[in-house]
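Notes for the one structure printed next.
Small disclaimer: the values here were computed from a predicted structure and weren't measured.
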Amino acid sequence: MDIVTECPVCKSAHLVHLTRTQGLRYGAYRAGKGHIQDMLPDLSADDRERLITGICPECFASIGEEDDE
């Protein structure tokens, strides 16, 4: 299962590939049955962030830099 996300900051598209099992767990997460880090621990933090907010790692880093200033 492939999920395409769009970063709300830079508008770039990203693909997150999920196995069938991951897809089922993602569906359970979307239905409110747990936290994404518990449901999909085998995904990278970047991919989980893309699934939650759509924000890409580059934009997420730049947002963190803005907060530091």
Candidate pair Met1 and Arg20, rule side chain to side chain contact (heavy atoms under 4.5 Å, CB included), full reasoning: CA-CA 6 Å; Met1 162 187 256; Arg20 182 179 181 336; over 6 Å; no
Given the rule that I, L, V, M, F, W and Y join up when any side-chain heavy atoms are under 4.5 Å apart, are Met39 and Leu51 in one cluster? yes
About how many Å separate CD of Glu58 and OG of Ser12, when rounded to the nearest 0.5 Å? 7.0 Å
Measuring from atom CD1 of Ile63 to atom OG1 of Thr53, what distance do you get when rounded to the nearest 0.5 angstrom? 7.5 Å
Write down the atom of Arg50, the atom of Asp47, and the distance for their closest heavy-atom approach. NH1-OD1, 3.0 Å
As an exercise, state the distance from CZ of Arg48 to OH of Tyr26, rounded to the nearest 0.5 Å. 13.0 Å
Transitive ILVMFWY side-chain link Leu24 to Leu40, under 4.5 Å: no
Please answer: with hydrophobic residues joined when any side-chain heavy atoms are less than 4.5 Å apart, are Ile55 and Leu43 in the same cluster? no
Please answer: with hydrophobic residues joined when any side-chain heavy atoms are less than 4.5 Å apart, are Ile52 and Phe60 in the same cluster? no
CD/Glu49 to SG/Cys7 distance, rounded to the nearest 0.5 angstrom? 10.0 Å
Single-linkage hydrophobic cluster Ile36~Ile3, side-chain heavy atoms < 4.5 angstrom: yes
